[in-house]
**Q** 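First, the structure itself, so that you have it in front of you.
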Amino acid sequence: MLLVFGLGFRLDTPWQGVAWVFMLAGALSAGAGLGLLVRRTTGGDAFVQSEGGG
Amino acid sequence: VAPACRPGTAVLAAVVVAIASLLAVRGVARVPPAAEPAQPGAPLIGPRIRAWFRELLAPIEDHLLRWGVEPDAVTYAQLVVSIFAGMSFWNGWMFLAGWLTILAGTLDVLDGGVARRRGVATARGALVDSLVDRYAEFATFLGLGAFFRADWVLLPVDVACFSSLMVSYTRARAESLGVALGLGQVQRPERYLILGTGAWLSDLVSHLACPVLGRPTHAVLAGAVTLLAVLSTATALQRARGAARGLGGHPAP
């Protein structure tokens, strides 16, 4: 969402400084999230929890 | 002055949204399909997508519960986000407005979930939630109407706004007369999704097409609003018919 809002600020508004801050924070968060997702994918429970609740 | 033409950023935004969409489709595919076929008049967003979305929000709900956040606070946050969405529409910031609309819809789902899991789902909370939902929807439509004030799209915006309120009012009035109404193809989540997706997609198309067209276009949003007006009107009428059928010859209370 941070990345998306950053892109939105960049596309729509004159607040380009705010846009870059959001985009940087969003890119870092998205990178970390995708990294975690790749690791969880190998465990077979990415996004949807297993029946055991894991 | 807002930047008028940013095709490069739009391409980047399209890639980000495409990756998120692929992950979403992958998540939905892992949810087992519903055992029973959809009933006529069932919401357009089916049980499989709803189950996936609830699963996706579960960690956020966990955090809100751990931090002791009141469901009312989430409800009021939804109102604030909707006002920001309305302001963004008013300014013509369609990409932001679209995602803020979807965020408001997400908060609308979260407040009920938090209330149920905290065991504080009360009649007062339900009343506040319903009232805030109406104001939140109106704030969004007000901004949209202000943006399209000199355009034919103002008519479908007005129809969509009125019909959205009628969808909720018909159910509330029918339930006060003792008829439970669950049916309705375009309920609040569907409205948030159609309007939100229509808005951000419209802005992307506008920025991608501006080197060719030489001017911004909001054709996709106009189409989404028109679709919303038609579907909301049909849902309101569908509910009115269902309520009338359910009441039959019951005497007035």
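As the structure is a computational prediction, the values presented were derived from the model and not from experiment. Note on naming: letters A, B, ... go to the chains in the order of the sequence lines (proteins, then strands), and numbering restarts at 1 for each one.
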**Q** So, taking the atom named CG in B:L204 and the one named CG in A:L7, what distance separates them when rounded to the nearest 0.5 Å?
**A**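 The CG atom of B:L204 sits 9.0 Å away from the CG atom of A:L7.
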**Q** Sub-3.5 Å donor-acceptor pair from the side chain of A:D12 to the main-chain atoms of B:F95, do we have one?
**A**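 Present.
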**Q** Passes side-chain contact (heavy atoms from CB on, under 4.5 Å), A:L34 versus B:L23? Steps please.
**A** CA-CA 10 Å; A:L34 286 172; B:L23 291 171; 3.8 Å; yes
**Q** Is A:F5 atom CZ crowded by more than 12 heavy atoms from other residues, nucleotides or ligands, each under 6.0 Å away?
**A**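 Yes, enclosed.
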**Q** So B:W200 and A:V4, do their side chains get closer than 4.5 Å, heavy atoms only?
**A**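 A:V4 does not reach B:W200 side chain to side chain.
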**Q** Taking A:R10 for the side chain and B:T9 for the main chain, is one N or O donor matched with an acceptor at less than 3.5 Å?
**A**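 It does not hold such a pair.
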**Q** If you count every heavy atom of other residues, nucleotides or ligands that lies below 6.0 Å from B:F84 atom CZ, does the total exceed 12?
**A**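 Atom CZ in B:F84 is not crowded, with 12 or fewer foreign heavy atoms closer than 6.0 Å.
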**Q** With a 4.5 Å limit on heavy-atom distance, are the side chains of B:T106 and A:M1 in contact?
**A**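 No, every pair of side-chain atoms sits at 4.5 Å or beyond.
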**Q** Is B:L100 in contact with chain A via its backbone, its side chain, both, or neither, using a 4.5 Å heavy-atom distance?
**A**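 Both the backbone and the side chain of B:L100 come within 4.5 Å of chain A.
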**Q** From B:H207 NE2 over to A:L11 CG, what is the distance, rounded to the nearest 0.5 angstrom?
**A**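 Answer for the NE2-CG pair, B:H207 versus A:L11, is 4.5 Å.
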